[in-house]
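Note that the structure is a prediction, hence the values are computed from the model and not measured. Start at 1 and go down the list; that is how both ligands and their atoms are numbered.
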Amino acid sequence: MRILLHRADGKTEPWIKDFTKFLPEAEFEIWHAGETSQPCDYAVVWSPPEAMLPELAQVKAIFNTGAGVDALLRFGDAIPRDVPIIRLGDAGMAVQMAEYVTYSVLRYFRRFDEYEAQARSGLWAPLPQHVKSDFPIGVLGMGVLGTRVLEALAPFGFPLRGWSRGEKRIPGVQCYHGGDGLDTFLRGSRVLVCMLPLTPETSNLVDRTNMGKLPAGAFIINVARGAHLAEPDLLSLIKSGHIAAATLDVFRNEPLPAQHPFWQEPRITITPHISALTLRRESVQQIAEKIRKLEKGEPVADIVDRNQGY
Ligand code: NAP
Ligand code: GLV
């Protein structure tokens, strides 16, 4: 069995080492621009370049070493529809998202962001506490990661709400779905957490109109994709005070350019796309198990629905 491997960072050796543990029979072909590779059975990629399409079109399945598949689906039918694209299902990412979002929510609820600023100015000044009933958390996207985040927030007693495409029932979470449910969902969410996949329907969803529906003094946490958020709209709503602050892990251009105005806005907390990192060992183990199943003709989880776009 031959596996075609592409890593944008060029660090393929540790991946091969881990694959050798879980799939010792596999041989590896490292993809390099301008070199023809031997035919392979499977491809394991993250954000592959367009030049890789001829090879990707010929494998039995493509494994995406992340949860979001927007970087693959942008190629449309240049990746033939009969080549399954298989995303990671959790593989250690859900707990990281739970940590990141819980930390960010508690930081705003307990006003630690304001205390950090006060401490830098040597100011000792207790602030009035936020009240939990006025602090509903709304999670856009209740998939693998969104549901884990809601589970992690539950013990703190915040009112919880979630929005998905199809109807869902999660105990303790007020669930909304579809275009009809979005308005009510937004109007009652003091903290908006974006955990959606990037698709034509969700692109730019967090724009001036939708952020304008959040209660005054709302908070934004975006851990999904930069293109979900209309960046200039966020800046102007922060300046007007409608949005109190934002924590952003993802951006339209990554790395965030040095001259981007977000760097100068103290109410925006920036992290470099680290909210849920791909854990190599867990990912390789999961991919190896799926390859074994495919080889036996058994069904595997996490195949992307090309029509839905995630
Ligand atoms: P998932 O399991 O596919 O869940 C996606 C959720 O979004 C589902 O609840 C789905 O609704 C909902 N959704 C999709 N399109 C929608 C629409 N048009 N309207 C309303 N709801 C919609 O995805 P996941 O594993 O939770 O991952 C979510 C995203 O997180 C990824 O796509 C990726 O972009 C991002 N991510 C970021 C990082 C990072 O480090 N920043 C790491 C990992 C993932 P249904 O339940 O009805 O299908
Ligand atoms: C990271 O952004 C992922 O989609 O896994």
Atom 9 (O) of ligand 1: which protein heavy atom is closest, and how many Å away?
Met142 N, 2.9 Å

Without swapping roles, check the side chain of Thr199 against the backbone of Glu201 for a donor-acceptor pair under 3.5 Å.
yes

Electrostatic pair Asp41-Arg2, nearest N-O below 4.0 angstrom
no

For atom 6 (C) of ligand 1, the option (of Gly181, Gly143, Pro272, Ser203) bearing the nearest heavy atom
Gly143

With a 4.0 Å cut-off, would you call Asp90 and Arg148 a salt bridge?
no

Among protein heavy atoms, which lies nearest atom 2 (O) of ligand 2, and at what distance?
His273 NE2, 2.7 Å

N or O pair under 3.5 Å between Thr202 and ligand 1
no

Treating Glu265 as the side-chain partner and Pro261 as the backbone partner, does any N or O pair qualify as donor plus acceptor under 3.5 Å?
no

Heavy atoms, side chains only, cut-off 4.5 Å: are Pro84 and Ile62 in contact?
no

Nitrogen or oxygen of Arg225 less than 3.5 angstrom from that of ligand 1
yes

Taking CD in Glu298 as the centre, count heavy atoms belonging to other residues, nucleotides or ligands within less than 6.0 Å. Is the count above 12?
yes

Say whether Leu145, considering both its backbone and side-chain N or O atoms, lies within less than 3.5 Å of an N or O atom on ligand 1.
yes

Could you tell me whether the side chain of His242 and the main chain of Met211 form a donor-acceptor pair under 3.5 Å?
yes

So that I can tick it off, tell me whether Asp113 and Arg107 are bridged by a salt bridge, with the cut-off set at under 4.0 angstrom between side-chain N and carboxylate O.
no

Before accepting this row, confirm whether a basic side-chain N of the pair Glu295/Arg292 lies closer than 4.0 Å to the acidic partner's carboxylate O.
no

With a 4.0 Å cut-off on heavy atoms, is Arg87 touching ligand 2?
no

Does the residue Val223 have a heavy-atom contact with ligand 1, meaning some pair of atoms that are separated by less than 4.0 Å?
yes

Do Tyr108 and Val105 come within less than 4.5 Å of each other through their side chains, counting heavy atoms only?
no

Looking only at distance, does Gln308 have an N or O less than 3.5 Å from an N or O of ligand 1?
no

Per-atom contacts of ligand 2 with Gly66, taking only distances under 4.0 Å to non-hydrogen atoms:
5 (O)

I'd like to know whether ligand 1 has Gly66 as a neighbour, heavy-atom separation below 4.0 Å.
no

Give the residue, atom name and distance (to 0.1 Å) of the protein heavy atom nearest atom 21 (N) of ligand 1.
Arg165 N, 2.9 Å

Please indicate whether any nitrogen or oxygen in Lys168 is less than 3.5 Å from any nitrogen or oxygen in ligand 1.
yes

Quick check: does any side chain N or O of Asp233 sit under 3.5 Å from a backbone N or O of Ser236, one acting as donor and the other as acceptor?
no

Is Gly68 close to ligand 2, meaning an N/O of one under 3.5 Å from an N/O of the other?
yes

Candidates Glu167, Gln96, Arg87; heavy atom nearest atom 1 (P) of ligand 1 found on Arg87

Under 3.5 Å, is there a donor-acceptor pair between the side chain of Arg306 and the main chain of Gly76?
yes

For atom 5 (O) of ligand 2, the closest protein heavy atom turns out to be Ala67 N, 2.7 Å

May I ask you to check whether Arg225 has an N/O atom sitting below 3.5 Å from an N/O atom of ligand 2?
yes

My understanding is that we take every heavy atom of each candidate and find the minimum distance to atom 13 (N) of ligand 1. Doing that for Leu196, Val69, Leu277, which one comes out nearest?
Leu196

Closest candidate by heavy atom, reference atom 5 (C) of ligand 1, pool Pro197, Ser275, Gly309:
Pro197

Quick note on ligand 1: atoms under 4.0 Å from a heavy atom of Val250 include exactly 41 (N)

